[in-house]
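Beneath this line is the structure, given in structure tokens, with notes to follow.
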Amino acid sequence: MRNVEFIEKKALNMRCHIVNTIINHGDGHAGPSLSCTDILAALYFGVMRLDVNQPKWEKRDRFILSAGHKCLALYGALVEKGFESRNVFDTYNQLGTKIPGHPDMKKFRGVDFSSGALGHGLSVGCGMAIDAKLKGEDHRVFVLMGDGEQGEGSNWEAAMFAAHQKLDNLVAIIDRNGLQINGTTQEVLDSGALEEKYKSFGWKVITVDGHDIEQLLEVFDQVPLQKEKPTMIIANTVKSKGMSFAEGKVKYHHWNPDKNSEEAQQAVKDLKDYSKEKGWS
């Protein structure tokens with residue numbers, strides 16, 4: 001049985017990497033990285049089949065961060081998993097770095113796809129999933145998307161294709177925090193009832209609390225939710241989860257803190273306070 005508390009601690013460590021890296025660098029996508037942290041922690045420490053010593057192991061599960069600007073959460077997961085050392089964060093988004101502002105599969109060990117332009121991840125995931133089917137392999141493909149990203153038309157072509165091809169080895173997750181770079185998803189481009197839309201395209205859909213590790217693990221254990229159907233997990237989350245002053249606020253989609261500001265100090269304090277509340281420090 002997996003240790004939920006262990007995974008929750010990993011999620012906290014990942015949040016610390018995100019917050020400290022942004023404070024030290026002076027900018028970064030705090031909001032979306034912090035909203036998907038628990039999802040990535042559940043996947044990397046309780047679900048996916050991986051080998052740190054063989055990043056390109058053919059039998060590994062694949063992960064695509066379609067919303068590439070959430071990359072600090074992915075980097076945090078990969079560092080905590082042991083693919084890179086923690087000092088890699090010192091060079092975040094600098095010239096020649098392994099960790100630019102969007103993930104690069106040729107630079108960072110463990111990254112399966114270079115992403116950035118929204119709307120591409122699900123299509124690539126379809127390709128990876130059907131490749132596995134054709135080769136008779138049993139690995140799974142996980143694709144994490146944003147809710148604002150659902151405004152990209154390519155997602156719906158991929159959704160139709162996945163259902164038509166019966167890709168039950170494909171698992172998509174939508175990080176539904178209700179916000180995007182310049183407003184709420186409802187204001188910018190209302191995607192409506194995502195559950196009903198994906199069901200109508202032929203997917204098996206379930207909605208979860210994206211910050212509840214135990215619930216996330218239970219759902220991932222059920223994958224595929226239905227044989228011969230792709231799985232869609234819609235995870236309800238909070239933008240900037242873990243920073244008390246920023247939670248649910250669109251202005252922190254991209255955060256530009258001064259290292260000595262009250263906000264920076266409060267963000268660090270919030271994470272330390274959470275650790276103390278849990279009895280971890």
Side-chain angles (χ1 to χ4, degrees), residues 7 10 14 36-84 98-99 102-146 149 152 154-155 157-159 161-163 165-175 198 203-204 216-217 219-225 227-233 235:
I7 299 174
K10 287 297 184 182
M14 290 162 60
C36 71
T37 299
D38 298 305
I39 300 167
L40 286 176
L43 283 171
Y44 275 88
F45 298 97
V47 177
M48 291 198 301
R49 183 172 65 193
L50 300 167
D51 187 340
V52 174
N53 296 315
Q54 299 181 74
K56 300 300 182 183
W57 179 41
E58 283 299 317
K59 295 185 181 299
R60 76 189 186 283
D61 289 328
R62 273 63 165 176
F63 176 78
I64 297 172
L65 182 65
S66 186
H69 59 287
K70 302 173 190 271
C71 61
L72 280 170
L74 176 59
Y75 296 150
L78 292 171
V79 165
E80 287 296 312
K81 192 71 177 178
F83 283 96
E84 294 283 355
K98 292 182 179 180
I99 53 171
H102 291 85
D104 188 330
M105 63 187 294
K106 294 184 178 180
K107 293 182 177 180
F108 203 101
R109 293 177 75 249
V111 174
D112 287 317
F113 179 64
S114 303
S115 57
L118 297 176
H120 292 178
L122 191 57
S123 297
V124 174
C126 286
M128 290 182 176
I130 200 167
D131 175 70
K133 288 277 190 182
L134 291 171
K135 292 178 179 176
E137 297 174 354
D138 66 352
H139 63 261
R140 298 165 296 176
V141 181
F142 296 87
V143 180
L144 180 64
M145 302 181 284
E149 185 177 2
E152 300 286 348
S154 51
N155 288 320
E157 182 179 354
F161 177 87
Q165 296 293 337
K166 302 178 180 180
L167 299 181
D168 54 7
N169 57 342
L170 176 65
V171 183
I173 309 109
I174 295 178
D175 174 18
Y198 275 96
W203 289 57
K204 189 65 177 178
L216 286 165
L217 293 174
V219 170
F220 283 127
D221 281 346
Q222 298 173 39
V223 170
L225 298 179
K227 188 174 176 57
E228 297 189 342
K229 280 194 174 188
T231 293
M232 170 57 71
I233 299 172

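Reckoned from all heavy atoms, side chains included, excluding hydrogens, waters and symmetry mates. What you see is a predicted model, and the numbers here were worked out from it, not measured in a lab. FYI, the numbering just counts along the sequence from 1.
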Shortest non-hydrogen contact from Ser66 to Gly119? OG-N, 4.2 Å

Can you tell me if NZ on Lys229 sees more than 12 non-hydrogen neighbours from other groups inside 6.0 Å? yes

If you measure from CG on Leu134 to CD on Gln165, what distance do you get to the nearest 0.5 Å? 8.5 Å

Taking the side chain as C-beta and beyond, is there a heavy-atom pair between Leu170 and Phe142 under 4.5 Å? no

Would you list the pairs meeting salt bridge (Lys or Arg N to Asp or Glu O under 4.0 Å) in which at least one residue belongs to residues 103-117, sequence neighbours left out? Arg60-Asp112

Those residues at least two apart in sequence (or on a different chain) that pass ring pair (Phe, Tyr, Trp, His ring centres under 6.0 Å) with His139 are none

List for me each residue that meets side chain to side chain donor-acceptor pair (under 3.5 Å) alongside Asn169, sequence neighbours excluded, and say none if there are none. none

Without swapping roles, check the side chain of Ser114 against the backbone of Met105 for a donor-acceptor pair under 3.5 Å. yes

Kindly write out the residues that satisfy side-chain contact (heavy atoms from CB on, under 4.5 Å) with Lys135, not counting sequence neighbours, or none if the list is empty. Asp131, Glu137

Ala42 versus Leu216, closest heavy-atom pair with distance: CB-CB, 4.1 Å

With sequence neighbours excluded, tell me which residues meet side chain to side chain donor-acceptor pair (under 3.5 Å) with Thr231. none

Taking side-chain contact (heavy atoms from CB on, under 4.5 Å) as the test, write out the residues that go with Lys81, two or more places apart. Phe45, Leu50, Val52, Phe83

Looking only at atom types and distance, does a side-chain atom of Ser115 sit under 3.5 Å from a main-chain N or O of Leu65, one as donor and one as acceptor? yes

Please report the shortest heavy-atom distance between Asn155 and Met145, naming the atom on each side. OD1-SD, 3.7 Å

With sequence neighbours left out, what residues match Asp175 under side chain to side chain donor-acceptor pair (under 3.5 Å)? Ser35, Lys70, Thr237

Got Ile173 and Val143 here, is their nearest side-chain heavy-atom distance under 4.5 Å? no

Contacts of type salt bridge (Lys or Arg N to Asp or Glu O under 4.0 Å), residue Glu157, not counting sequence neighbours: none

State, with a plain yes or no, whether a side-chain heavy atom of Phe161 is found less than 4.5 Å away from one of Leu122. no

Mind jotting down which residue pairs meet the ring pair (Phe, Tyr, Trp, His ring centres under 6.0 Å) criterion with at least one end in residues 102-136? Sequence neighbours excluded, please. Tyr75-Phe108

Tell me the closest heavy-atom pair linking Tyr44 and Ala77, and the distance in Å. CD1-CB, 3.9 Å

When rounded to the nearest 0.5 angstrom, what is the spacing between SG in Cys36 and CD1 in Ile174? 13.5 Å

Does the side chain of Glu80 come within less than 4.5 Å of Met14's, by heavy atoms? yes

Short question: side chain of Asp168, backbone of Glu228 - any donor-acceptor pair under 3.5 Å? yes

Which residues pass the side-chain contact (heavy atoms from CB on, under 4.5 Å) test with Val219, sequence neighbours left out? Ile206, Val208, Ile233

Answer yes or no: is there a side-chain heavy-atom contact under 4.5 Å between Phe63 and Met48? yes

Could you tell me which residues satisfy side-chain contact (heavy atoms from CB on, under 4.5 Å) with Asp51, sequence neighbours excluded, listed by chain and number? Asn53, Gln54, Trp57

Those residues that, when tested against Lys98, pass salt bridge (Lys or Arg N to Asp or Glu O under 4.0 Å) (two or more places apart): Glu84

Please name the pair of heavy atoms, one in Ser154 and one in Ser123, separated by the smallest distance, quoted to 0.1 Å. O-OG, 3.9 Å

For Ala129 versus Leu167, what's the shortest heavy-atom pair and its separation? CB-CD1, 4.1 Å

Measuring from Leu144:CG to Leu74:CG, what's the distance to the nearest 0.5 Å? 9.5 Å

Okay, side chain of Arg49, backbone of Lys59: is any donor-acceptor separation there less than 3.5 Å? yes

